[in-house]
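First the structure, in the form of structure tokens, and then the observations on it.
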Amino acid sequence: MPAASHLRSLKEEAICSLCLDYFTDPVSVECGHTFCLSCITDFWEWVQTDFPCPQCREILQINTLRPNKQLANMVEILKHIYTLGATPQILCRENEQKLKLFCEDDRELICVVCSVSCEHDTHTVLPVREAAQEHKERFQSYLESLKEKLEDVLKLQRKEELKEAKFENLFKSQRKRITKEFEKLEQILEKEKSCHLRHLEDKEKRSLLSIREKMTKLKEQRSALGSLIAEIEQKCMQHEMELLKEVKSISSRYEGVILAHRDVEPYKDEKEEDYPPMKIMETLEWRWIRSFAAEVTLDPDTAHRRLILSDDGRSVRDGEREQCLPYTPQRYDVAPIVLGGERMVSGRHYWEVEVGDKTSWILGVCDDFVTRLGDITASPEDGYWLVWLRDGEYRALTYPPTFLTPSVPPTAVGLFLDYEAGRLSLYNVDDRSLLFTFSGASFPPTLRPLFCPEVNEEGKNAGALCIQLVTG
């Protein structure tokens with residue numbers, strides 16, 4: 001066997017099978033295998049009874065470890081051979097000649113004899129030093145490429161870390177919001193439960209009192225009837241003269257008992273109070289929606305010049321003529337529109353607008369950054385989510401428009417915005433019915449409430465749109 005192979009074999013025998021490094025304080029166990037003292041004790045650290053050999057699994061006694069000083073000395077000699085840059089001379093396996101050349105085709109070290117053999121005579125062969133220099137330069141290019149890729153990976157990792165932190169904060173915020181909303185819902189449920197139980201308790205008291213009063217009257221009637229029956233039976237058995245003497249008295253008492261019997265109402269079965277689950281759920285849903293009441297006021301800087309706003313910023317009507325106000329990009333110059341002053345960027349919001357008996361109006365939300373100059377195209381694609389009343393027709397301004405048929409013409413409209421869900425719902429406050437829902441919307445970063453009282457048509461649409469104060 002070539003000397004290089006012997007050296008490799010010797011090195012393999014000096015390696016601990018647990019730490020895969022040179023033996024340190026080698027000890028032998030009963031089965032004949034050898035390990036570093038620290039390796040075998042660490043391996044047995046968590047074992048309480050049986051102590052298996054890491055290689056053959058034979059159960060051993062922990063007190064039978066024997067130091068192998070001869071192997072320790074051999075390891076030190078072998079280490080000395082490989083230290084201080086004194087690399088042992090590696091010889092060709094075939095010819096036991098020094099490996100002075102490098103075959104570029106096979107990417108391996110060869111000796112001079114191998115370089116002229118049939119196996120390598122057509123290959124590109126370079127001296128070791130020259131080949132090493134070329135590959136060093138090549139490896140440098142590898143390093144540059146790998147470092148660039150590493151930098152890319154680090155950048156992506158940093159982005160993912162930032163994304164991770166962002167999503168952790170997002171989910172944390174959502175968990176808080178969900179918890180808060182369910183706590184609010186629990187309060188509503190508890191309030192509703194108490195209300196229904198009080199109603200039931202009052203009805204129980206009234207019903208039981210009525211029943212007991214009737215029972216008292218019936219007992220009195222039973223006593224009177226029994227007494228009169230017994231007396232009449234007795235009189236019927238007496239002499240005719242005695243019987244006729246009592247006719248007036250018995251007839252009078254008979255009529256009195258009959259009249260008293262008429263005063264007691266016939267018994268009627270009490271029907272169980274009906275609490276339809278759907279009706280309760282609708283009530284709870286309505287209360288839940290209204291629990292997100294938002295403080296909404298009008299922004300005068302966005303109002304068309306012919307609109308008149310109240311001092312408290314909660315109502316708007318058509319003034320029929322333009323006021324002397326500055327022209328700005330924030331102000332609508334064609335459509336008689338005013339926006340709410342509150343910008344909505346997340347969460348749920350609810351507000352109500354009294355429309356009264358107006359014949360025309362438009363309500364909804366819009367993108368905060370839509371153009372307000374010139375004619376506008378009102379559709380979700382253009383940043384507007386609106387419902388209008390005009391010429392007696394209710395429409396959701398989708399494309400094409402969606403015609404609405406409310407069962408009761410609303411005198412007040414409730415608007416519920418769920419930003420994260422991409423949903424805007426408009427309700428008829430009068431009967432709590434849904435007018436229309438814009439769903440699946442990709443809302444812009446900022447939304448604002450929109451109010452359009454439309455123009456006053458010869459006094460037929462003079463009323464104002466009034467933002468109502470939403471309470472419980």
Side-chain angles (χ1 to χ4, degrees), residues 174 177-178 180-182 184-185 188-189 192 278-297 337 339-340 342-356 358 361-368 370 378-390 393-452 465-472:
Q174 289 183 346
R177 183 167 60 84
I178 290 172
K180 184 178 179 181
E181 289 178 8
F182 271 90
K184 187 183 295 184
L185 185 59
I188 294 173
L189 284 169
E192 189 72 14
M278 185 60 66
K279 183 178 180 180
I280 293 178
M281 290 308 297
E282 288 176 355
T283 301
L284 291 176
E285 180 183 11
W286 183 249
R287 290 191 179 183
W288 177 76
I289 289 172
R290 288 168 63 88
S291 71
F292 294 99
E295 182 66 28
V296 176
T297 55
I337 290 174
L339 299 183
E342 290 65 32
R343 290 170 172 82
M344 299 172 177
V345 298
S346 64
R348 298 185 174 100
H349 310 269
Y350 177 79
W351 63 101
E352 290 180 355
V353 182
E354 182 183 349
V355 297
K358 287 180 64 63
W361 49 258
I362 303 176
L363 294 171
V365 298
C366 71
D367 184 350
D368 188 22
V370 292
S379 70
E381 289 73 15
D382 299 294
Y384 289 91
W385 291 265
L386 307 174
V387 168
W388 81 357
L389 166 64
R390 183 176 292 176
E393 292 182 340
Y394 294 88
R395 300 184 189 181
L397 299 186
T398 54
Y399 185 79
T402 302
F403 289 87
L404 311 177
T405 55
S407 57
V408 178
T411 61
V413 176
L415 297 93
F416 179 56
L417 172 68
D418 189 337
Y419 185 94
E420 280 74 19
R423 186 166 57 246
L424 173 69
S425 298
L426 291 92
Y427 294 86
N428 183 344
V429 176
D430 299 276
D431 61 0
R432 302 180 182 180
S433 62
L434 178 67
L435 293 173
F436 186 76
T437 294
F438 295 91
S439 59
S442 296
F443 287 137
T446 308
L447 290 172
R448 296 179 72 174
L450 181 146
F451 307 83
C452 176
L465 293 178
C466 301
I467 302 171
Q468 295 182 331
L469 180 64
V470 179
T471 57

Is the closest side-chain heavy-atom distance between Leu397 and Val387 below 4.5 Å? no
Please assess Ile467 against Glu352 for the test side-chain contact (heavy atoms from CB on, under 4.5 Å), listing each intermediate value before the final yes or no. CA-CA 6 Å; Ile467 302 171; Glu352 290 180 355; over 6 Å; no
Answer whether the closest heavy-atom distance between the side chains of Leu339 and Leu450 falls below 4.5 Å. yes
Is a donor on one side and an acceptor on the other found under 3.5 Å between the side chain of Asn428 and the backbone of Leu435? no
For Leu465 and Leu363: C-alpha separation, side-chain torsions, deciding distance, then whether side-chain contact (heavy atoms from CB on, under 4.5 Å) applies. CA-CA 10 Å; Leu465 293 178; Leu363 294 171; 4.1 Å; yes
Would a distance-only check, ignoring hydrogens and angles, find a side-chain to backbone donor-acceptor pair under 3.5 Å from Arg448 to Gly340? yes
Does Arg348 qualify as a cation-pi partner of Phe292, given the criterion of NZ or CZ under 6.0 Å from the six-membered ring centre and within 45 degrees of its axis? yes
Decide yes or no for Ser425 and Leu434: does some side-chain heavy atom of the first lie under 4.5 Å from some side-chain heavy atom of the second? yes
Among Trp385, Tyr394, Phe416, Phe438, find the residue that satisfies the side-chain contact (heavy atoms from CB on, under 4.5 Å) test when tested with Leu426. Phe438
Shortest non-hydrogen contact between Pro449 and Trp351, atoms and distance: CB-CZ2, 3.8 Å
Separation between CZ (Arg432) and CZ (Arg287), nearest 0.5 Å, reads 7.5 Å
On a heavy-atom basis, the closest approach of Leu386 and Ala378 is CD1-CB, 3.8 Å
State whether the side chain of Glu420 and the backbone N or O of Gly347 hold a donor-acceptor pair below 3.5 Å, judged by distance alone. yes
Take Thr437 and Leu424 through the side-chain contact (heavy atoms from CB on, under 4.5 Å) test and state the conclusion after the steps. CA-CA 6 Å; Thr437 294; Leu424 173 69; over 6 Å; no
Of the non-hydrogen atoms in Cys452 and Ile337, which two are nearest, and what is the gap between them? CB-CG1, 3.9 Å
Going through the checks in order, is the side-chain contact (heavy atoms from CB on, under 4.5 Å) test met by Ile362 and Phe451? CA-CA 6 Å; Ile362 303 176; Phe451 307 83; over 6 Å; no
For the atom pair CD (Gln174) and OG (Ser346), what is the distance rounded to the nearest 0.5 Å? 10.5 Å
Whether the side chain of Asp368 engages the backbone of Leu447 through a donor-acceptor N/O pair (distance < 3.5 Å, no angle test) should be reported. no
Any side-chain heavy-atom pair from Tyr427 and Ser433 closer than 4.5 angstrom? no
State whether a side-chain donor-acceptor pair under 3.5 Å links Asp431 with Ser407. yes
What distance do Arg395 atom CZ and Leu404 atom CG have between them, rounded to the nearest 0.5 Å? 10.0 Å
Side chain to side chain, Met344 and Val296, heavy atoms closer than 4.5 Å: yes
Pairing donors with acceptors under 3.5 angstrom, does anything connect the side chains of Glu342 and Thr297? yes
How are the rings of Phe443 and Tyr419 set to each other: parallel, tilted or perpendicular (split at 30° and 60°)? tilted
Minimum heavy-atom separation for Ala412 to Val355, with atom names? N-CG2, 3.9 Å
With a 3.5 Å distance limit and no angle check, can you tell me whether Thr398 reaches the backbone of Pro400 through a side-chain donor-acceptor pair? yes
Nearest heavy-atom approach of Val370 to Gly383 is CG1-O, 4.0 Å
Is the backbone N or O of Tyr384 less than 3.5 Å from a side-chain atom of Asp382, with the two atoms forming a donor-acceptor pair by type? no
